Amino acid sequence: MKKTVVLLANGFEEIEALSPADYLRRAGAEVIIAATGTSSRNVEGAHKILVTADMTLDTYFSTEKELPDAVVIPGGMPGAKNISECAKAMEFINQMFKAKKLVAAICASPAVVLGKTEILNGKNWTCYPEMEKSLSAEIQKNHKIQPVVTDENLITGRGPGTAEQFSMEIVRILFSEETKTKIMEASVQRKC
């Protein structure tokens, strides 16, 4: 069974966290929603929607011995900033990438979270409009103005309006094109 961890921090963009969690569960993945930077499982989104995570990231590390297949990093502000300031979350994201596991970040997170790592070096990527300008010219040269960009084990998405496409790309990479198509048809998604 494929396993994915979705990171949540206060101020996360709700649609960018819950869409991947939902569609990955429909695909048959074990999805663990992990609260970061807090001892509480209750995390408040950018639009004041309260979500109870499955566990805290600390609990995840104390119970899991192997890395999952993917990590999803939603955007939203200050959610992305809060993840970027959580040393344990940043260590986890770096470990995932170095182990060639899937790292999926959307909206502000490619710039705000991944921009603090070496993950974007030499990779094609996208993010919320104008946020790429906070990064070096070298990193910016591979920035694409596209809804979703995949480069090896990195998936990035542009913003809340691309959450569905972003989620379906994660499903495609972890499972298959066939699984993606079945979920799209069963959930009456628009063709992308």
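Since we're looking at a predicted model, the values are computed, not measured.
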Can you give me the closest heavy-atom contact between [X] and [Y], atom names plus distance?
X: A35; Y: V43; result: CB-CG2, 3.5 Å
X: Y60; Y: E66; result: OH-O, 3.8 Å
X: I170; Y: A104; result: CD1-CB, 3.7 Å
X: T156; Y: P110; result: CG2-CG, 3.9 Å
X: M168; Y: M184; result: SD-CG, 3.7 Å
X: M77; Y: A80; result: SD-CB, 3.9 Å

Reported [atom1]-to-[atom2] distance for the pair [X] and [Y], which is rounded to 0.5 angstrom:
X: I155; Y: K123; atom1: CD1; atom2: NZ; value: 12.0 Å
X: I139; Y: L114; atom1: CD1; atom2: CG; value: 10.5 Å
X: T36; Y: M90; atom1: OG1; atom2: CE; value: 11.0 Å
X: K180; Y: S167; atom1: NZ; atom2: OG; value: 11.5 Å
X: K2; Y: T179; atom1: NZ; atom2: OG1; value: 10.5 Å
X: L102; Y: E169; atom1: CG; atom2: CD; value: 9.0 Å

Main chain of [Y], side chain of [X]: is a donor-acceptor contact present, judged purely on distance under 3.5 Å?
X: N82; Y: A9; answer: no
X: D151; Y: N124; answer: yes
X: S109; Y: P74; answer: yes
X: E132; Y: T126; answer: no
X: R158; Y: C127; answer: yes
X: R172; Y: E177; answer: no

Tell me whether [X] shares a hydrophobic cluster with [Y], the cluster being built from Ile, Leu, Val, Met, Phe, Trp, Tyr side chains joined at under 4.5 Å.
X: V171; Y: F166; result: yes
X: I32; Y: M96; result: yes
X: L24; Y: L8; result: yes
X: F175; Y: V5; result: no
X: L18; Y: V148; result: yes

Can you see whether T4 engages E30 through a side-chain donor-acceptor pair at a distance of less than 3.5 angstrom? no

Has [X] got more than 12 heavy atoms of other residues, nucleotides or ligands less than 6.0 Å from its [atom1]?
X: K182; atom1: NZ; answer: no
X: I145; atom1: CD1; answer: no
X: Q95; atom1: CD; answer: yes
X: Y23; atom1: OH; answer: yes
X: K81; atom1: NZ; answer: no

Starting from the C-alpha separation in whole Å, work towards a yes-or-no answer on side chain to side chain donor-acceptor pair (under 3.5 Å) for S187 and Q189. CA-CA 6 Å; S187 58; Q189 288 185 34; 3.1 Å; yes

Does any part of the side chain of [Y], heavy atoms only, come nearer than 4.5 Å to the side chain of [X], both counted from C-beta?
X: V6; Y: I73; result: no
X: V113; Y: I93; result: yes
X: K101; Y: N153; result: no
X: L67; Y: F92; result: yes
X: L154; Y: L120; result: yes

Once ring-ring contact (aromatic ring centres under 6.0 Å, His included) is applied, what residue pairs with a partner in residues 96-127 remain, sequence neighbours excluded? W125-H143

Not counting sequence neighbours, list each pair that qualifies as a ring-ring contact (aromatic ring centres under 6.0 Å, His included) and has a residue in residues 29-56. none

Criterion side chain to side chain contact (heavy atoms under 4.5 Å, CB included) on C107 and E13, from CA distance to verdict: CA-CA 9 Å; C107 194; E13 177 63 52; 5.6 Å; no

Go through the steps to decide whether T56 and T59 satisfy the test side chain to side chain donor-acceptor pair (under 3.5 Å), and finish with yes or no. CA-CA 5 Å; T56 66; T59 301; 3.0 Å; yes

What do the steps show when you test V72 against I106 for side chain to side chain contact (heavy atoms under 4.5 Å, CB included), and what is the final call? CA-CA 8 Å; V72 176; I106 186 169; 5.8 Å; no

Evaluate the side chain to side chain contact (heavy atoms under 4.5 Å, CB included) criterion for residues L7 and F12: first the C-alpha distance (whole Å), next the side-chain angles of each, then the deciding distance (0.1 Å), finally the verdict. CA-CA 9 Å; L7 299 178; F12 72 95; over 6 Å; no

Are K3 and D54 within salt-bridge range, i.e. N to O under 4.0 Å? no

Is the shortest side-chain N to carboxylate O distance from E130 to K133 below 4.0 Å? yes

Derivation and outcome, side chain to side chain contact (heavy atoms under 4.5 Å, CB included), residues T162 and Q165: CA-CA 5 Å; T162 67; Q165 293 163 283; 4.0 Å; yes

